[in-house]
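What follows is a set of notes on a single structure, which appears directly below.
The analysis underlying the following values was restricted to heavy atoms, covering all of them including side chains, and did not include hydrogens, waters or symmetry mates. Residue numbers count from 1 along this sequence.
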Amino acid sequence: MWLFTLFTCIFFSDGIYGIPTSGHILHERRSLDSQWRREQKLPGNTILPLRIALVQQNLHRAGELLDRVSHPASPEFGKHWTAQQVASAFSASDETINVVKDWLSQNDISPSRLSHHRNNWLEVNVTVREAEQLLHTEYFVHKHEDSGTLTVACDEYWIPETLHGHVDFITPTVHFGTTVKKRPKKREGPSSDLEKRKNTCYHPTSGSCPSCAPGQNPGDPKTYIGDCIHFVSPACVRALYGIPEQTTVKPFVGARAPIGVLEFSPKAYGQVDLDDFFSVYTNLPCGTHPKLVSIGGGVAPQQLPGLHDPTPFDYGTLFEPDGDFEITMALVPNPDDVVLYQLGPNMGWDNFLDALDGSFCNLTGATDECGSVQPANVADVISISWTQDETSTTAAWLQRQCHEYMKLGIMGITVLAATGDSGVGDVCTDPSTNQAYKDNTIKDRGLFNANFPASCPYVTAVGATAIPSEPAPWTPTLPEVAAYTAIISGGGFSNVFSAPDYQKEVMAAYKHNGAPDYPPFEGHPRYNNSGVARGYPDISANGFKFSVYSGEQSQNFSGTSGSAPILAGVIALINAERQAMKDASGQPVKGSVGFINPVMYAHPEILNDILVGDNHGCGTGGFSCQAGWDPVTGLGTPNYAKMKELWVDQLP
C-alpha cells in the first residue's frame with residue numbers, strides 16, 4: 001500500500017496554510033498527475049456534493065467469508081449469500097455513523113442536511129468554503145490535457161484523528177475520477193476481399209471462408225479449424241479447449257442472467273457487425289443481440305450511417321464491443337440472454353458498481369444509478385475488458401472498489417477482468433511522480449505498473465495466449481504459448497493488494513524459483529518482489545488473431561479483451577450444467593460456481609499449463625512462463641472437460 005508522508009507546511013496559490021490544529025491527520029494526498037492541469041480556484045460559494053465513504057464492518061474477514069462459499073474444501077461451498085445478507089454483514093456500524101455525524105455537527109453541519117445511503121455513505125451538500133474549512137484544503141478546477149474533461153479536486157485533505165478507522169475516503173477530494181482505457185489491440189483488416197456491406201445480413205455462398213488464408217476453400221467456416229494460426233474462429237476456440245458445440249449444451253435456466261459484459265460510452269456494438277459475424281460463424285439468426293441494461297443513459301447499438309450517407313462516423317468505437325459480444329455469444333446457448341451493461345457518457349467504474357449494488361453509492365452526486373440493475377440482470381458471470389492503472393487513483397479508492405467485487409463473489413457471481421496487452425505495464429511508472437509517464441509511448445524505462453481491477457484479489461484476472469506459428473500444420477493438441485508479439489499478456493504484482501490465502505503458496509514458490517532480479521531503476525525496485533503481493537493473471541485464454549466483424553469488415557481482434565469473453569463463455573456453460581441438475585422434486589441442487597480462484601489454485605490440473613513466452617516491457621524482459629503459476633499466463637488455459645468434471649460432477 002502506498003505510504004503518505006506528512007510535512008510541516010502546505011503551500012497554496014492564495015496563501016500559506018499551517019498544519020491543522022493538533023489532533024488532525026493527513027488522510028489522503030494525490031501524487032502529481034501530469035495529465036491534469038490546475039485551472040482556476042473554485043469560488044467559495046460553489047456547492048459541492050460531499051460524499052463520505054464510511055468504513056464497513058467485517059472487511060477484515062473478507063477473504064475468510066469469501067473462502068467459506070468458494071473454497072472446494074469448505075463445507076459451505078456454493079452456499080452463496082443473498083444481497084440482503086451481504087448488506088447486513090458489511091454495513092457501517094452505528095458507532096462509525098455517529099462519530100462522523102458528530103464531527104460534522106461540530107463544524108456547523110447539522111444532521112438535517114445529511115442523507116444516509118444504504119448504511120455505507122453519508123452525503124451532504126456544502127459550499128466550497130465549508131468543505132475547505134472542514135478538510136483543511138483548497139479546491140481548484142482541473143482540466144485533462146487530452147480529453148478536456150473538467151473536474152474539481154484538491155491536492156490533499158486532513159481529518160481528525162478520531163475519524164481514523166471510521167472514514168475510508170471523502171469525495172470530491174484527491175480523486176480525479178476513473179480513467180478507463182481500452183485494451184490496445186492489433187487490428188488487421190479486412191481479412192478477405194469481402195466488400196463493406198450496409199445494413200444487410202451476409203450469408204456466405206457454399207464453400208466460401210472469409211476467415212481463411214488467400215487461396216484456401218476448405219468449406220464451412222462454422223466448423224473449419226485448418227487455419228487457426230492465422231484466424232481464430234469460434235470453431236478454433238472450441239477445438240482449443242474442448243468446448244461443446246453451441247447447439248448441444250444445456251440452456252440457461254438460472255434466476256440471473258448468464259453473462260454480463262461491461263462497456264463504456266461512446267464504445268458500443270453495431271448490429272450489422274453482429275449479424276455479419278453470426279451468419280458466417282454460427283447458426284444464429286440475424287438480429288440476435290444482447291439485452292441492453294442502460295446505466296446512466298447508455299445507448300446501444302450504434303446507428304451506422306447508410307450506404308450513401310456522408311455523415312462522419314468513428315468506426316473505431318465499434319471494435320471493442322463488437323469483439324466482446326461476437327466472441328461471447330458464439331459460444332453459449334440462448335445468447336440473447338447475455339446482458340450488456342452500457343454505461344452512459346461520463347460514467348465510470350463507481351457508477352457500474354452503484355448500479356449492481358446500491359451499497360456502493362455513487363461518488364459523483366448522480367445517485368440515480370444506485371441499485372438500478374434489477375436482480376435478474378445481475379449476471380452470474382461478468383466480463384470486463386477494460387482497465388485502469390493502480391497509480392491513477394488512491395489506494396483507498398481501489399480497496400473500496402475491490403471489496404465490492406468481493407461482495408459479488410459471496411453472492412455467487414464470477415467477475416473476470418482482462419489484464420492488459422502491454423506486458424508488465426500498459427504505461428510504465430515514473431518513480432519521480434509515482435504516476436504513469438505522460439507520454440504513453442514510453443515503454444523502455446520505468447517501473448512496472450499493475451492494472452486494476454485485474455490486480456484485485458477478488459476477481460479472476462485473465463491473460464492472453466496464442467497459437468504458435470510453428471510447427472505446421474497446427475492441431476488442437478499442440479500447446480499454446482503466451483501472447484507476446486503483437487500484443488503482450490499483461491501480468492505482474494500489485495502495489496496495493498496482498499496475496500490472498502488461496503495464492504500465498506504459489507507466490508512464495510514463484511519468488512523462490514522464478515522471480516527475476518532486476519536492478520533498481522532510479523533507486524526504486526522495478527516491481528513488488530516481496531513475495532506477499534497479489535500476483536496476476538490467474539488464468540488465460542486465446543487472445544491473438546480472433547476473427548471478428550467490425551466497421552462492416554472482417555478484421556483480426558487481438559488482446560486480453562478476447563480472452564476474458566472466452567472464459568466467460570466457458571464458466572457460463574459450466575453454470576448451465578450445474579443449474580440443470582434437479583432433485584426428485586424438480587428443485588435445483590446446484591447453483592453458479594461463483595468466485596472460481598480458490599478452486600483453480602487448489603486444482604491446477606483442470607487447466608493447461610503454458611510454458612513458453614514472456615511479457616516484456618518497461619525496458620526489461622518482464623516475466624517468463626514456467627511450470628505452474630507465473631505472472632504471464634497464470635495457472636494456464638481452460639480444459640473444459642476437466643473443469644466440468646470437477647465443478648459439475650464432484651463439487652456440491
Going by heavy atoms in the side chains, are [X] and [Y] under 4.5 Å from each other?
| X | Y | value |
| --- | --- | --- |
| I596 | W647 | yes |
| D67 | P598 | yes |
| L274 | Y269 | yes |
| Q555 | F546 | no |
| V237 | V232 | yes |
| T633 | T637 | no |

message: Is it the case that the side chains of W349 and Q388 hold a donor-acceptor pair, with the cut-off being a distance below 3.5 Å and no angle test?
response: yes
field: Distance-only polar pair, side chains of N615 and S489, donor-acceptor under 3.5 Å
entry: no
- prompt: With under 30° as parallel and over 60° as perpendicular, where do the rings of Y281 and Y549 fit, or are they tilted in between?
  reply: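 Correct class here is tilted.
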query: With the threshold set at 4.0 Å, does a side-chain nitrogen-carboxylate oxygen contact exist between R238 and E245?
result: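 Result for this pair is yes, salt bridge flagged.
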query: Taking only residues two or more places apart in sequence or in another chain, which ones pass ring-ring contact (aromatic ring centres under 6.0 Å, His included) with Y341?
result: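 So Y341 forms a ring-ring contact (aromatic ring centres under 6.0 Å, His included) with F352.
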task: Kindly write out the residues that satisfy salt bridge (Lys or Arg N to Asp or Glu O under 4.0 Å) with R534, not counting sequence neighbours, or none if the list is empty.
output: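 Per chain and number, R534 pairs via salt bridge (Lys or Arg N to Asp or Glu O under 4.0 Å) with D538.
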Please report, to 0.1 Å, the donor-acceptor pairs under 3.5 Å made by any side chain of residues 467-479, with sequence neighbours excluded.
residue: T475; atom: OG1; partner: T477; partner atom: OG1; Å: 3.0

Qualifying residue for side chain to side chain donor-acceptor pair (under 3.5 Å) with T391, from T433, N449, D430: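 That would be N449.
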- prompt: Can you list the steps and then say if E522 with H524 is a side chain to side chain donor-acceptor pair (under 3.5 Å)?
  reply: CA-CA 6 Å; E522 297 182 1; H524 297 264; over 6 Å; no
